[in-house]
Amino acid sequence: MITVQNLVKMYGEKAAVDDLSFEIPPGTVTGFLGPNGAGKSTTMRMLVGLESPTSGSAMVNGRSYVEHKAPMREIGVLLDAGAIHPGRSARNHLLSLAYTHTLPARRVEEMLDLVGLTDVAAERAGGFSLGMRQRLGIASALLGDPATVMLDEPVNGLDPEGIRWIRALLRGLAAEGRTVFVSSHLMSEMALTAEQLIIVGRGRLVADISVEDLVARSATSVRVRSPQASSLRPLLAGDGITVSTDLDGTLDVIGLSPEAIGTRAATAGITLYELAVQQASLEEAFMELTHDDVEYHGSSEIHPRTATLSPERKAA
Amino acid sequence: MSTTTLDTPTVSDAVANPSTAVLSATGTGLSMRGVLRSEWVKLRSVRSTTATLAAAGGALLVFGLLFAAILGGVLSAGDGDPASEFASDPTGAALSGTMLAQLIIGVLGVMIITSEYTTGQIRTTLTAVPTRVPVLVAKAAVLTAVVLPVMLASVLVTFLGGQALIGSGDLATASLGDPGVLRAVIGSAAYLTGVALMGLAVGTLLRSTAASIATLFGALFLLPGLAGIVLPSGWGDTLLSYLPSNAGTAFTSVVPAPGLLSSGVAMAVFAAWAVVPLVVAAIVQKRRSA
């Protein structure tokens, strides 16, 4: 159980986390989603006491992390797989963590076995690939057999093999009834594992929504391809209707059914080559929700469609 | 036991495994004893610990025996006879390696904490022990537990070997029973331990290895010289005697130079130089973000 209430973290004048409140109930996989710089890592760091909130609270199982007698047994975290001494072996790294909580050395061997690092346990962790470090980080997160597991961008920089492993692991942890709180800036990644989503942008809560609801909410558009697109376009205009033109001249229409579009085109004698309903992907739904909250925009010239659509969609 | 292949994690297996279930019920949580054990594992599991300890012990031995051999006439010194100042101080001659050893042992003290800050390990450490203060206490404890006995053994061997070499010439030798000799021998080991602790405190405060080493050595070597130039004589000299290196000299030498504190006061002053920065470091580390 993670409870964040009116959490604020200021860096000088800038709010990294701005009045954020949410709750992660036990036994779910919750994705913590937002563009880079949205305050996800800062929130996670405050949850485990690496940073103190400017105001508000971040609690784990009803208490602040620091107040727990055995914090590693309440919540296991992997915030940065690189947070290891490169000169120390994987086994000694885990031992040093296990001993703080008087966990036996046997537990370390079990975790090494679990993440598949037993064969290289005596080697210096500095020589590990990113994927191996990620495994070592997972092993340290699970050392205390915590009911809640929190991972910050666990698939970042991993090869497909490693990504597959992390996905299976997250599903496994959830199947055991653990609470999994995992951050990502990729909607597609979350769609595969999470049931619930906490979406943030610029430190603020954008949405606290189930993946299912997000899919249902995401707008559908109609793709219209016609050699007379410029003549057709004015005929489709109206209240609550958005028409945008792609680079190749196809129209994307929101707010009109394909039947209505087809009828209007036929009445005006306009030829249609294509008329198809488009279900917006989760990625697009996410982009829409966070578009205004992206910290650093790239040039939007390549994607005029997204740029023209968002404001209307957000208002709707 | 679960057999794990790289792409099929068997969390369920491991958790369903009875031995894991029993394990998950054991462990009493965070404890000072546990943190001490943890820091001990960390200290012994990096190569630099053994390397710096061996280097510091070696410096004590090589320099001490070299000076003693020159004094005893076993070796002949080059021009200027650098050993002459020690002719009336056989203890000081044998302990002359302390000067170099403190550099090496100071680096050890700095590195056991700055290596955590520069690699990011500190975030893992402080997540495991969010109360933070026990980490620094444990680091100071294991550092002392390793440095003090190793330095004491090195100093003793160097002293005894040194006196044997000096004795082979015409000069008088010192024995551990002579006034002030045992204090100087044990004091030298204690001084080196204190320098390591100062290094730990400075390293915790500054977090960067280079800045910490520069600050520590500045305080030990440059400050006395600089202060001597800047401060007026009179109260300036009094102030100088309170600097860590001068306080150290006062209780590690049998024949102290004039103007130094009495050995008892010097020990207390030096202990304060080791302890006060550690307390400040603990408070600062507890408060700042990691």
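Order of the sequence lines sets the chain letters (A, B, ...), proteins ahead of strands, with each chain counted from 1.
The 12-atom threshold is exceeded at CD of A/E195, counting heavy atoms of other residues, nucleotides or ligands nearer than 6.0 Å. In this structure, B/R37 places its CZ atom where only 12 or fewer heavy-atom neighbours from other residues, nucleotides or ligands lie under 6.0 Å away. For B/Y117, the OH atom is densely surrounded, since the number of other residues' heavy atoms within 6.0 Å is greater than 12. Annotation: B/K286, atom NZ; neighbour count of heavy atoms from other residues, nucleotides and ligands within 6.0 Å is above 12.
Contact annotation for residues 41-55 of chain B against chain A (heavy-atom separation below 4.5 Å, listed by residue number): B/V41, B/K42, B/R44, B/S45, B/V46, B/R47.
Contact count versus chain A (heavy atoms, under 4.5 Å) is highest, among B/G120, B/S115, B/A138, for B/G120. Listed options A/A70, A/S140, A/S96, A/P71 were ranked by heavy-atom pairs under 4.5 angstrom with chain B; first place goes to A/S96. Looking only at heavy-atom pairs under 4.5 Å with chain B, the residue among A/K69, A/E51, A/R88, A/M72 that has the most is A/R88. The choice from B/E39, B/M32, B/R132, B/R287 that makes the most heavy-atom pairs within less than 4.5 Å of chain A is B/R132.
Here the side chain of B/T124 pairs a donor or acceptor atom with the backbone of A/A83 at under 3.5 angstrom. A donor-acceptor pair under 3.5 Å links the side-chain atoms of A/R45 to the main chain of B/A290, judged by distance alone.
Contacts of A/D80 with chain B are made by side-chain atoms alone, with heavy-atom separations under 4.5 Å and no backbone atom involved. Using a 4.5 Å cut-off between heavy atoms, A/R171 makes no contact with chain B at all. Neither the backbone nor the side chain of A/R91 comes within contact range of chain B; no heavy atoms are under 4.5 Å apart.
At least one side-chain heavy atom of B/T131 sits under 4.5 Å from a side-chain heavy atom of A/V66. Contact of the B/L30 side chain with the A/H101 side chain is registered, since non-hydrogen atoms from C-beta on lie closer than 4.5 Å.
Of the inter-residue distances, the one linking B/S38 atom OG with A/L97 atom CG reads 6.5 Å to the nearest 0.5 angstrom. Atom CG in A/L47 sits 11.5 Å away from atom OG1 in B/T127 (nearest 0.5 Å).
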